[in-house]
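Keep in mind that what you see is a predicted model, and the values were worked out from it rather than measured.
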Amino acid sequence: MADLDELPPYRRAQLLWRWSHQGVAFVEDLVRNAEKRPCSLPSAPPGPPGRTLALPGDDGRFHLARAGLMLCGQAEAATGAWSHRQHCGWVERGYGPQEWKGGRVDDADTVAWGSLVAEWLVRPTGPGVDPGTVDRPDRCLGGAYGLMHLWPPRPARTASVRRLRAALVDALGADCHLCGLYPGAMVDHDHQTGRVRGLLCAYCNRVLEECPHLTGCPRADYLLAPPAAGLNLVYPASQQWRPKESTRQRVIEQLGFDPFEGLSQPS
């Protein structure tokens, strides 16, 4: 049976950091029982195979379409339009409402939170265009959660990361190097060494470090043998995110120790 201390030091620290609010015993059980719950990769994108286009709609947004189907909506035969649903959430703070993007809502400025489901009809108003040319505010967010990952990523903010992404696409392809289902959105790298591991979709990038398996799991295998290891690419240290000091202190208080002591801090 696997044990937490059998994980490589940085992966062990990442799991403890991620689940610090649950405590060390929870993380130990997570690793010990991992064989019973293998990590699942994203499911295949909806709709038939083929080229995906972005159709302009009469709601002022672009909508993903493939083989005549608007992936973010449901066809209504009677009207010829596509019905859409989108869950919207927000948090009321002292300075006004703010879009709810998940996470903790325990800060002193939070007044209340609310949500609603918006429904509307959409009719295409023109020919389809390359989804990669559509800015994020103009993209429809209706339909299933996974649909947002079908949209190509926006260009990285810095030239150095854009060059890394271009090198990964040329060598290994533009789709996620873990699940292979969605466009690669993030240049994934080992935050201890800076070595680039591959190109991940937004979903795989978000859940990769949650993998508690030693081996025998797609995520664990990716971490043990990164697809981009042979390219010897290094992520620029100046672009790595660092946690707030208040967040680090909260984690230390929850665990009773710093999981990254002796290692580089998580990014």
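- Residues T79 and R123 are in side-chain contact: their nearest non-hydrogen atoms beyond the backbone lie under 4.5 Å apart.
- Between L214 atom CG and L223 atom CG the span is 11.5 Å, to the nearest 0.5 Å.
- Placement of L69 and W120 within a single hydrophobic cluster is found when ILVMFWY residues are connected by side-chain heavy-atom separations under 4.5 Å, directly or transitively.
- Nearest approach of V161 to Y235, heavy atoms of both residues: CG2-OH, 3.8 Å.
- Rounding to the nearest 0.5 Å gives a distance of 6.5 Å between CZ of R250 and OG of S20.
- Hydrophobic clustering, with ILVMFWY side chains joined whenever heavy atoms are under 4.5 angstrom apart, keeps L64 apart from L53.
- Taking CD of E35 as the start and SG of C217 as the end, the distance is 11.5 Å to the nearest 0.5 Å.
- The residues D190 and R195 are annotated as not salt-bridged, no charged nitrogen and carboxylate oxygen being separated by less than 4.0 angstrom.
- Shortest non-hydrogen contact noted between L121 and A81 is CB-CB, 4.1 Å.
- Residues passing the salt bridge (Lys or Arg N to Asp or Glu O under 4.0 Å) test with R18, sequence neighbours excluded: E210.
- The shortest non-hydrogen separation linking L55 to G126 is CD2-O, 3.8 Å.
- Residues L255 and V31 are members of one and the same hydrophobic cluster, defined by side-chain heavy-atom contacts under 4.5 angstrom among Ile, Leu, Val, Met, Phe, Trp and Tyr.
- Within the 4.5 Å cutoff, side-chain heavy atoms of P212 are placed close to those of C39.
- The environment of CD in Q22 is crowded: more than 12 heavy-atom neighbours from other residues, nucleotides or ligands sit within 6.0 Å.
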Show the atom names and distances, to 0.1 Å, of all donor-acceptor pairs under 3.5 Å that link a side chain in residues 164-173 to residues at least two apart or in another chain.
| unit_1 | atom_1 | unit_2 | atom_2 | d |
| --- | --- | --- | --- | --- |
| R165 | NH1 | G184 | O | 2.5 |

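- Salt-bridge formation is detected for the pair R248/E245: a Lys NZ or Arg NE/NH1/NH2 atom is positioned less than 4.0 Å from an Asp or Glu carboxylate oxygen.
- Residue L208 holds its CG atom at 12.5 Å from CE of M186, rounded to the nearest 0.5 Å.
- Remark: side-chain polar atoms of Y222 are paired, donor with acceptor, to backbone N or O of G198 under 3.5 angstrom.
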*Passes side chain to side chain contact (heavy atoms under 4.5 Å, CB included), F257 versus L16? Steps please.*
CA-CA 10 Å; F257 62 92; L16 289 167; 4.1 Å; yes

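- A 4.5 Å side-chain heavy-atom check between M70 and C72 finds at least one atom pair inside the cut-off.
- A 6.0 Å sphere centred on CZ of R206 holds more than 12 heavy atoms belonging to other residues, nucleotides or ligands.
- Here the shortest heavy-atom pairing between A13 and P259 reads CB-O, 3.3 Å.
- L224 and L231 sit in two unconnected hydrophobic clusters of ILVMFWY residues. Membership requires side-chain heavy atoms under 4.5 Å apart, directly or through other members.
- Between the H213 side chain and the A34 main chain, a donor and an acceptor come within less than 3.5 Å of each other.
- Judged by distance alone, the side chain of R139 and the main-chain N or O of V134 form a donor-acceptor pair under 3.5 Å.
- To the nearest 0.5 Å, atoms CH2 (W90) and CG (L116) are separated by 4.5 Å.
- The distance from the CG atom of L147 to the OH atom of Y182 is 7.5 Å, given to the nearest 0.5 Å.
- With hydrophobic clusters built from ILVMFWY side chains whose heavy atoms lie under 4.5 angstrom apart, L141 does not share a cluster with L150.
- At least one donor-acceptor pair closer than 3.5 Å links the side chain of H177 to the backbone N or O of L199.
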_Residues D135, F62; criterion side chain to side chain contact (heavy atoms under 4.5 Å, CB included); working and verdict_ = CA-CA 9 Å; D135 290 335; F62 283 82; over 6 Å; no

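- For the pair P152 and P183, the tightest heavy-atom approach, listed with the atom from each and the gap, is CA-CB, 4.1 Å.
- When all heavy atoms of H84 and C140 are compared, the pair lying nearest together is CD2-SG, 3.6 Å.
- You'll find the side chain of F260 stays beyond 4.5 Å of the side chain of V251, heavy atoms only.
- Just one of R197, R12, R11, R219 meets the salt bridge (charged side-chain N to carboxylate O under 4.0 Å, His left out) condition when paired with E209; it is R197.
- Between L263 and P9, the closest side-chain pair of non-hydrogen atoms falls below 4.5 Å.
- When side chains are defined from C-beta on, W151 does not count as touching T52, because their heavy atoms never get closer than 4.5 Å.
- Under the salt bridge (Lys or Arg N to Asp or Glu O under 4.0 Å) criterion, no residue pair touches residues 51-67, with sequence neighbours excluded.
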_L178 vs L41, side chain to side chain contact (heavy atoms under 4.5 Å, CB included): CA-CA, chis, key distance, verdict_ = CA-CA 8 Å; L178 177 52; L41 293 179; 4.0 Å; yes

